[in-house]
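Here is the structure we will look at.
These numbers were taken from a predicted model, which means no experiment stands behind them. Below, read A as the first sequence line, B as the second, and so on, with proteins coming before strands; counting in each chain starts at 1. Side-chain atoms are counted along with the backbone in the values below, which use heavy atoms only and exclude waters and symmetry mates.
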There are 2 protein chains.
Amino acid sequence: MQDAPRQAPEVPALEVQLPPRRPLRPLDAFAGSLAQRVYASLREAILSMSFRPGDSLRKPEICAQLGVSRSPVSEAVTRLAVEHLVRIVPQTGTYVARFSLAEIREGAFLREALELAAVENVAQTITEDELTQLRHNLRLQQALLDDDDFDGFYQTDAAMHELILSFTGYRRVAALAETSWVHVNRARQLILPAPGRVQSTYAEHQAILAAIEARDPVAARAATRLHLGQLIGFLEPLALARPDLFEPD
Amino acid sequence: MQDAPRQAPEVPALEVQLPPRRPLRPLDAFAGSLAQRVYASLREAILSMSFRPGDSLRKPEICAQLGVSRSPVSEAVTRLAVEHLVRIVPQTGTYVARFSLAEIREGAFLREALELAAVENVAQTITEDELTQLRHNLRLQQALLDDDDFDGFYQTDAAMHELILSFTGYRRVAALAETSWVHVNRARQLILPAPGRVQSTYAEHQAILAAIEARDPVAARAATRLHLGQLIGFLEPLALARPDLFEPD
DNA sequence: TCTTGCATACTAACATGTTAGCTTGGGCCT
DNA sequence: AGGCCCAAGCTAACATGTTAGTATGCAAGA
């Protein structure tokens, strides 16, 4: 069940560093029903690579570690399977999903579809108050960039996208975009941003805001498409560098 | 909130006929795990209005009717709640979701976002074989129209959209579009098509296919947007005619 | 008449017991 | 030595028992 490190060529094509394994976050850090909290805790572990692609998910162990019975764990695992974050093999076991380039491409497609529609909508309907929020977010990005706080920058980047999605007024689009995007995100954190990429990202964000400020839906679409199109290109080499993390196609 | 002056006051604004209540379809009509089959059976009952908005979902009754225990029923109900097809009130009961105009609008937005992205993609990548399938579908529509087989026409209409979504090569977009669209669909079947609407639908389908044949993504987007934009307008009067089926806003 | 308090009868949520199917490993036969 | 078979030990899936929280109805009191 444990994935043995396959042959390492002398120098990998990409510097890939796996974050350390951490124990499950206790349930009291989350809200909602037990099942909901177990779901959140497991999801976090998978997305943060504490549970790694191919790992076996041992329910008794999880039950013991979280101090709950099998029912909420089962329900949580079922929900993770719907998102393709785990793979349930009937009567055999449950495994953390490996990456799949097909699934990553699909996630990128979905995210782009949703976010293009959102930004086109928002460019036509945005209020002054909402614009203020976006401007504030972008100023924050600038400040974090000046401080070389890349982690903070990433957070604020995500927040900007979330703002735009929420400005459509549709509650579920942000959530849907997030779940569509989840495989991309899980893979993304494995690669260090290329030099200068963060600055380009900031510039692209500026372009998006400018188009929204101009209430120009066509330009907003174009700027957003340009922005989102960047990431996938950086991701594909990962499949070559770490085939052990990927689904065999 | 203003009702348009389009109706004589004495007749109701809309002739709304609810389909008859039918018993749950037995599980052996479906495939997969028990939970999966229970889910499918309940979903069908809700979408076909056999279970009506506001109805209480009595688990013991369902268990008895389907001959299973509470576990698979619980899991099925949980999944229905994720889709907002039922509303679970903790420690109180589970109810078939009422319609919500907000949710219907959101579903239409999502579907449009996905289908516009799909058709734009497909117009650039479609193969001759796939084009043949679309042409065949459209000829079938024509034939069904000539026979006044509106039910068959609707099936083929849905199949055409599904074809286009599947031609992207992304497995989950069709499923996602379906679940996004589910509230629109549930409401749609309550209203009879306006006179001549079916013919217009066919013409719009022709325009979409023509744009795809021309491999013109912009025209394909425009034609699809025009087509999808029709339905929502026909749906809004329903909330006025049958407020009892709708969530109070 | 209207309110208040309590007993009752529901429900979802959770815990635990049971079943059936897959995988694995070891011994036996060839 | 190598392949095959069978049994043991996993697992998910399902059944059933338990707990706790909410609505409801009725009766008693204001």
Nucleotides 7-14 of chain D: protein proximity per nucleotide (B base, S sugar-phosphate only, - neither; heavy atom, under 4.0 Å): ----BBBS
Return all side-chain donor-acceptor pairs below 3.5 angstrom for residues 64-75 of chain A, not counting sequence neighbours, or 'none' if the list is empty.
from, atom 1, to, atom 2, distance (Å)
A:Ser69, OG, A:Ser71, N, 3.4
A:Ser74, OG, A:Lys59, NZ, 3.1
A:Ser74, OG, A:Arg70, O, 3.1

Show me, pair by pair, the donor-acceptor contacts under 3.5 angstrom made by side chains of residues 185-192 of chain A, not counting sequence neighbours?
from, atom 1, to, atom 2, distance (Å)
A:Asn185, OD1, A:Tyr154, OH, 3.2
A:Asn185, OD1, A:Arg188, NE, 3.1
A:Asn185, OD1, A:Arg188, NH2, 3.4
A:Arg186, NH1, A:Ala97, O, 3.4
A:Arg186, NH2, A:Ala97, O, 2.7
A:Arg188, NH2, A:Tyr154, OH, 2.9
A:Gln189, NE2, A:Leu47, O, 2.3
A:Gln189, NE2, A:Arg186, O, 3.4

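Following rounding to the nearest Å, A:Tyr95 (OH) and C:dC22 (P) show an atom-to-atom distance of 13 Å.
For A:Glu106, there are no side-chain hydrogen bond (donor to acceptor under 3.5 Å, both in side chains) partners, not counting sequence neighbours. Residues passing the side-chain hydrogen bond (donor to acceptor under 3.5 Å, both in side chains) test with A:Asp149: none are found, sequence neighbours excluded.
Legend: side-chain hydrogen bond (donor to acceptor under 3.5 Å, both in side chains) pairs involving residues 22-32 of chain B, not counting sequence neighbours, sorted by first then second residue: B:Arg25-B:Glu44.
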